Amino acid sequence: MPSMAQGGVSNSTEVHKLNSKPFSNDSSARRQKIMQQRKSLPIASVEKRLVEEVRKNDILIIVELPQFLFHAGYARDGKVIGVTQPRRVAAVTVAKRVAEECGVELGQRVGYSIRFDDRTSATTRIKYMTDGLLLREALLDPYLSRYSVIIVDEAHERTVHTDVLLGLLKKVQNERSKSVNDQSNCNNKANKNMLLDRENDTHGIGIFKQYQGRNFPPLKLIIMSASLDARGFSEYFGGAKAVHIQGRQFPVDILYTLYPEPDYLDAALITIFQVHLEEGPGDILVFLTGQEEIESAERLVHERLQQIPEASRKLITVPIFSSLPSEQQMRVFAPAEAGFRKVILATNIAETSVTIPGIKYVIDPGFVKARSYDPVKGMESLVVVPVSKAQALQRSGRAGREGPGKCFRLYPESEFDKLEDSTKPEIKRCNLANVILQLKALGVDDIIGFDFMEKPSRASIIKSLEQLFLLGALTDDCKLSDPVGHQMARLPLDPIYSKALIVASQFNCLEEMLITVAMLSVESIFYAPREKLEEARKAMKCFASPDGDHLTLINVFRASDEFLEKRKLEISKEKSEKIMRKWCKENFINSRSLRHARDIHSQIRGYVEPMGLSISSCGEDLLQFRRCLAASFFLNAALKQPEGTYRALASGQVVQVHPSSVLFRAKPECIVFNELVQTNHKYIRNITRIDYLWLTELAPQYYTMQN
DNA sequence: GAGCACTGC
């Protein structure tokens, strides 16, 4: 019986946005200090034991990070030790820290690789990366032959990428140990249980067959998890051994309410003031569900502050949520003025992504806004749901990072007992089109039979297969189509956007579509703070196109291009970044989103060129571009209803135009849209007006069938 | 009249 992993988020994977110091000359002193620190970490005492365990077992499930596999020889013969993280910042900060610990320059022996930023070289032996990136790598190297060990960190988070990666790694490990066993008669003890697994494995990976006969050393897998339950991972990997290492954490007092709170926002406010007036120094972190809630909580705190004695008013509020511009996000890291207490009002960005120093008190109403997916309607939505026990634990842990803390859970203990143990893995609550496309590209044809750690519902798989079929990515017998399906799988985009690029090359407007899909692939481009709503609206009007949001986005992109182009010759790269940010601010554009879109644009451009798609522009012929949008997004067409709402043609749902759309007031008869999200209403976003007749002309396979 | 969090050779 394996010992179960508990508690302790790995110390080495903390993300602290201000923590990323570059490699510097005073590194030797720092290194010594780090070495000393390391020796005091629990991990050091088990170093030997851990290496021994890795030697004896093919799969280990542990909860702390080992750096010493390198010294144990796992990176010999040019092999690489790969470490995956769900988030970019984590991959970068951990790589930097490890490079420093080892006293090497980043990018040499220790490096990282994330999208748009590769700091590895031929000499890199320990490579940190995002799990999504390793999945992409697998498309080119299905055996992951460069790697001797792969460490999947933060596996308990169960992102879609982690789950797909785990499934793939299990396959690769099987196939690699098979390739060794087939070649030599070595009766390797460590491979025995894998042989048993192989006999139960009826769904072979097609692509591996062509590699059969090649000799790969076995792949070692290490799964790192901070979850309460290592058993799931252990069972999935055929009874893999679990080693439990206690993380470092100060005690946190958990306090519950006596009775359920009918209004958690009000309860949160009361608790904020209770802590402020009665507890010792230390900042407060409050978990709320979204921007709107955070903004109203902020107003309410300020209102109530006026009702208490002036001497007690030394309280400041700081909001943080993902769509907040980064300069404003940074405010959470600045200490409050002496004598003041800081209240951070956060979404679950503060649960894992951002670690805020100085938190002593956590207030947790116990709710989170989570994505959910309805396979019947094919619609994703955001709904407020109770957190899981694991999430509640993660939140309370935020109070015990620098010293003992307190966590106020705004519900009775009996309610805690009723919570789910862990959050439902994302793969069970999202559209699977992309997952399926990638697996198919890796040669997994039987998606329903694929050995997922937790299988998505059959209905959900079938719905996404259907979508891919309608996009022309799959053939009648559900194989990846050639060339369309293969081209789509290679592009790191939503399948519908990948298809749009292929369609656009035939409409001679790939230039425009490249910009469009890049802009559609990022978070909202426009940023409108409540207090400057009018100004923001005015700024947006400069870019607005009467045809819709797609052309509006193109206008923004081209304006930014033009702005940069003019100044490119005279200034450095850093300076251009800086003036770009200024330009964005003046135009109420989220500079993070725009930079991201520009990165995606240049990356995707580099992909489609070698695919043989012709990059040309339709110039002034915007009608041509709108026809192309209709041909690409025909699955997302909608018709106006008499009362001003719309009916989505594919699903029959009644939807409304999102208020952020330039067509919010114009309400044309027929439109295509790119996003359908259920919040308070069913909203469609990113909309362009089209002619209804184009649908039957350009997508007859779908619309003659329908009508 | 309104936007959980992540991520992609």
Side-chain angles (χ1 to χ4, degrees), chain A residues 15 84-91 113-118 120 127 129-141 144 146 154 157-165 287-295 320-324 346-354 367-372 380-385 387 391 394 423 426 429-430 434-435 437-438 441 489-495 497-498 518 521-530 533 536-537 590 593 596 599-600 603-604 606-607 610 656-661 664-665 675 677-681 683-686:
Chain A
V15 183
T84 71
Q85 294 282 347
R87 278 174 298 281
R88 293 161 59 94
V89 242
S113 185
I114 58 178
R115 192 184 190 185
F116 313 127
D117 190 7
D118 181 14
T120 61
K127 175 173 166 184
M129 64 203 129
T130 45
D131 41 21
L133 190 126
L134 185 59
L135 272 178
R136 286 274 152 195
E137 253 185 44
L139 289 179
L140 293 189
D141 176 14
L144 297 167
R146 305 171 53 201
E154 310 281 12
E157 288 190 21
R158 304 294 302 277
T159 66
V160 183
H161 285 154
T162 306
D163 271 23
V164 177
L165 186 62
F287 284 100
L288 297 172
T289 61
Q291 176 176 352
E292 209 179 51
E293 207 169 271
I294 288 173
E295 284 169 352
I320 183 164
F321 43 88
S322 78
S323 62
L324 198 69
T347 60
N348 34 335
I349 192 171
E351 206 177 276
T352 47
S353 308
V354 176
F367 290 97
V368 64
K369 205 179 270 189
R371 189 202 301 277
S372 76
E380 291 187 340
S381 52
L382 296 171
V383 280
V384 174
V385 294
V387 296
Q391 253 181 314
Q394 173 74 18
T423 311
E426 197 187 2
R429 14 178 208 105
C430 72
N434 225 338
V435 168
L437 203 54
Q438 282 204 20
R490 277 189 54 91
L491 294 166
L493 290 170
D494 257 9
Y497 297 155
S498 304
S521 298
V522 300
E523 288 298 298
S524 179
I525 285 286
F526 293 102
Y527 174 71
R530 192 180 288 260
L533 213 59
R537 199 173 296 169
N590 186 325
S593 300
H596 192 187
D599 283 340
I600 293 175
Q603 186 191 37
I604 304 300
Y607 277 54
Q656 293 182 32
V657 174
H658 194 276
S660 64
S661 170
F664 179 63
R665 282 172 211 284
E675 240 185 305
V677 181
Q678 162 107 48
T679 52
N680 291 330
H681 299 279
Y683 285 111
I684 48 175
R685 296 174 59 178
N686 294 315

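Being a predicted model, the structure only gives us computed values, none of them experimental. Lettering follows sequence order; numbering is per chain, from 1.
Taking every side-chain heavy atom of A/S322 into account, B/dC6 is the closest of B/dG8, B/dC6, B/dA2. For A/P659, the listed nucleotide lying nearest its side chain is B/dA2; candidates were B/dC4, B/dT7, B/dA2. Nearest nucleotide to the A/K369 side chain, out of B/dG3, B/dC6, B/dA2: B/dG3. Checking B/dG1, B/dG8, B/dA5 against the side-chain heavy atoms of A/Y683 singles out B/dG1 as nearest. With B/dG1, B/dA2, B/dC6 as the candidates, the nucleotide lying closest to the side chain of A/H658 is B/dA2. Among the nucleotides B/dA2, B/dG8, B/dC6, the one closest to any side-chain atom of A/S353 is B/dC6. Taking every side-chain heavy atom of A/L133 into account, B/dG8 is the closest of B/dG8, B/dC6, B/dG1.
At the phosphate of B/dT7, neither OP1 nor OP2 sits under 4.0 Å from any side-chain N or O atom of A/T130. The shortest distance between the side-chain N/O atoms of A/Q603 and the OP1/OP2 oxygens of B/dC9 is below 4.0 Å. In this model, the phosphate group of B/dA5 is approached by a side-chain N or O of A/T347 to a distance below 4.0 Å at OP1 or OP2.
Counting only distance, with no hydrogens or angles, the side chain of A/R429 and the backbone of A/R371 share a donor-acceptor pair below 3.5 Å. Checked by atom type and distance alone, the side chain of A/S593 never pairs as donor or acceptor with a backbone atom of A/V522 at under 3.5 Å. Side chain of A/E137 to main chain of A/L133: no donor-acceptor pair is present (N/O by atom type, distance under 3.5 Å, no hydrogens or angles).
Along DNA chain B, the nucleotide nearest to A/R371 and the one nearest to A/H681 differ in position, and the one closer to the 5' end is contacted by A/H681.
One finds the OG atom of A/S498 at 7.5 Å from the CD1 atom of A/I604 (value rounded to the nearest 0.5 Å). Atom OG of A/S353 sits about 13.0 Å away from atom CZ of A/R88, to the nearest 0.5 Å.
Between the CZ atom of A/R136 and the C1' atom of B/dT7 there is a distance of 11 Å, given to the nearest Å. The distance between atom CZ of A/F287 and atom P of B/dA5, rounded to the nearest whole Å, is 12 Å. Atom CD1 of A/I349 and atom P of B/dA5 are 6 Å apart (whole Å). Rounded to whole Å, the distance from CZ on A/F116 to P on B/dC9 is 7 Å. Atom NE2 of A/H596 is separated from atom P of B/dC6 by 12 Å (rounded to the nearest Å). Separating the CD atom of A/E426 from the C1' atom of B/dA5 is a distance of 9 Å, rounded to the nearest angstrom.
A donor-acceptor contact under 3.5 Å is not formed by the side chain of A/R490 with the base of B/dG8. Interface remark: the A/R88 side chain does not form any donor-acceptor pair with the B/dG8 base, using a distance-only criterion of under 3.5 Å.
A/N434 comes within 4.0 angstrom of a base, heavy atoms only.
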